[in-house]
Trainee: 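I have a structure here, written as structure tokens, and I will follow up with some questions on it.
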Amino acid sequence: MMLLAVLTVSDRCAQGRATDTAGPAVVSLLESAWPEAQVAVALVPDDQALIAGRLVHWSQEGAALVLTVGGTGLGPRDHTPEATRSVMDREAPGLAEAMRAVGAERNPYAWLSRGVAGLRRSTLIVNLPGSRRGAQESLAAILPLLRHGLQIVAGGQSHP
């Protein structure tokens, strides 16, 4: 069974001062796209070591895809891209570029997102924005790319 994971990164949600709506929305999209997969979830505050630790954990567990939600902006506590880069072996910049380009069609502030994407071993890690709408639109923009990318990472050779 394929393991997928969603990590919400939010100080306010971790402290119980806000409710995570973006993470569950992303889980719902993943379950629709991969009904046969198991989807793991976690919530951590905006702490680079905790984020990196969770990414490493899921990679070691064999997750095919880990999506982070939040911590990609310009705020002083937004460290998700740095945590992701610290554990990646190879970047996949086109995914982040595609999300920003599609997002900017509706909201020019999408260009301020610092999210990254790449591989840790055979786990594809992608940073999504923290807002529900931003996360949903970003994931929807790259979903076909993710499906093909995961096939290639798993050893597939064919291209559509």
Trainee: Step by step, would you call Thr8 with Asp20 a side chain to side chain donor-acceptor pair (under 3.5 Å)?
Mentor: CA-CA 8 Å; Thr8 298; Asp20 177 23; 2.7 Å; yes

Trainee: Search all heavy atoms of Ala14 against all heavy atoms of Pro45 and return the closest pair with its distance.
Mentor: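 Shortest heavy-atom separation between Ala14 and Pro45 comes out as CB-N, 3.8 Å.
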
Trainee: Could you list the donor-acceptor pairs under 3.5 angstrom formed by side chains in residues 25-35, with sequence neighbours left out?
Mentor:
unit_1 : atom_1 : unit_2 : atom_2 : d
Ser32  : OG     : Ser28  : O      : 3.2

Trainee: Is there a side chain to side chain contact (heavy atoms under 4.5 Å, CB included) between Val126 and Thr68? Walk through the geometry before answering.
Mentor: CA-CA 6 Å; Val126 179; Thr68 67; over 6 Å; no

Trainee: Nearest 0.5 Å, what's the CD-CG distance between Glu61 and Leu3?
Mentor: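 Result: 7.5 Å between the selected atoms.
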
Trainee: Locate the shortest heavy-atom distance separating Leu4 from Ala37; write the atom from each residue and the value.
Mentor: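 Minimum heavy-atom separation between Leu4 and Ala37: CD1-CB, 3.7 Å.
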
Trainee: If I take atom CZ from residue Arg12 and atom OG1 from residue Thr19, how far apart are they, to the nearest 0.5 angstrom?
Mentor: 10.0 Å

Trainee: Spell out, as yes or no, whether a donor-acceptor pair under 3.5 Å connects the side chain of Arg100 to the backbone of Ala110.
Mentor: no

Trainee: Can you tell me how far the CG atom of Leu7 sits from the CG atom of Leu67, to the nearest 0.5 Å?
Mentor: 10.0 Å

Trainee: For the OG1 atom of Thr72 and the NE2 atom of His79, what is their distance to the nearest 0.5 Å?
Mentor: 12.5 Å

Trainee: Does any part of the side chain of Glu137, heavy atoms only, come nearer than 4.5 Å to the side chain of Arg106, both counted from C-beta?
Mentor: yes

Trainee: Is there a chain of hydrophobic side chains (I, L, V, M, F, W, Y, each step under 4.5 Å between heavy atoms) that links Leu145 to Val153?
Mentor: yes

Trainee: Are Arg114 and Asp78 close enough for a salt bridge, meaning some N to O gap below 4.0 Å?
Mentor: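 Salt bridge: no.
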
Trainee: As a quick check of understanding, evaluate side chain to side chain contact (heavy atoms under 4.5 Å, CB included) for Gln48 and Glu82, giving each step before the final call.
Mentor: CA-CA 7 Å; Gln48 190 168 337; Glu82 289 76 19; 3.7 Å; yes

Trainee: Going from CG on Leu128 to OG on Ser113, what distance comes out if it is rounded to the nearest 0.5 angstrom?
Mentor: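 Answer rounded to 0.5 Å: 9.0 Å.
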
Trainee: Transitively linked via ILVMFWY side-chain contacts under 4.5 Å: Leu139 with Val39?
Mentor: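 Looking at the clustering, Val39 is in the same group as Leu139.
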
Trainee: Say whether, by atom type as modelled, one donor and one acceptor occur between the side chain of Thr123 and the main chain of Ala64 under 3.5 angstrom.
Mentor: no

Trainee: So do Arg121 and Gln60 actually touch side chain to side chain, heavy atoms under 4.5 Å?
Mentor: yes

Trainee: Could you walk me through whether Val116 and Arg85 satisfy the side chain to side chain contact (heavy atoms under 4.5 Å, CB included) test, starting with their C-alpha distance in whole Å, then the side-chain angles of each, then the deciding distance to 0.1 Å, before giving a yes or no?
Mentor: CA-CA 8 Å; Val116 299; Arg85 279 192 184 99; 3.0 Å; yes

Trainee: Is it true that Leu119 and Val6 fall in one hydrophobic cluster, defined by side-chain heavy atoms closer than 4.5 Å?
Mentor: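 Yes, Leu119 connects to Val6 through the hydrophobic network.
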
Trainee: Starting at OG of Ser86, measure out to CD1 of Ile51 and round the result to the nearest 0.5 Å.
Mentor: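 Answer for the OG-CD1 pair, Ser86 versus Ile51, is 9.0 Å.
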
Trainee: If you compare all heavy atoms of Ser10 against all heavy atoms of Cys13, which two are closest, and at what distance to 0.1 Å?
Mentor: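 Closest heavy-atom pair between Ser10 and Cys13: OG-N, 3.0 Å.
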
Trainee: Which heavy atom of Ile125 sits nearest a heavy atom of Arg120, and at what distance?
Mentor: CD1-CB, 4.0 Å

Trainee: Between Leu124 and Ile152, is there shared hydrophobic-cluster membership here, with clusters defined by ILVMFWY side-chain heavy atoms closer than 4.5 Å?
Mentor: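 Hydrophobic grouping puts Leu124 apart from Ile152.
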
Trainee: Val66, Val44: one ILVMFWY side-chain cluster at the under-4.5 Å cut-off?
Mentor: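 In one cluster with Val66: Val44, yes.
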
Trainee: List the atom of Ala96, the atom of Gly115, and the distance in Å for their closest heavy-atom pair.
Mentor: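 It is CB-O, 3.3 Å.
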
Trainee: Step by step, would you call Val9 with Leu43 a side chain to side chain contact (heavy atoms under 4.5 Å, CB included)?
Mentor: CA-CA 6 Å; Val9 179; Leu43 169 66; over 6 Å; no

Trainee: Is it the case that Thr84 and Asn127 place a side-chain donor and acceptor less than 3.5 Å from each other?
Mentor: yes

Trainee: Please find the pair of heavy atoms, one from Trp111 and one from Ala101, that lie closest to each other, and give the distance.
Mentor: CH2-CA, 3.8 Å

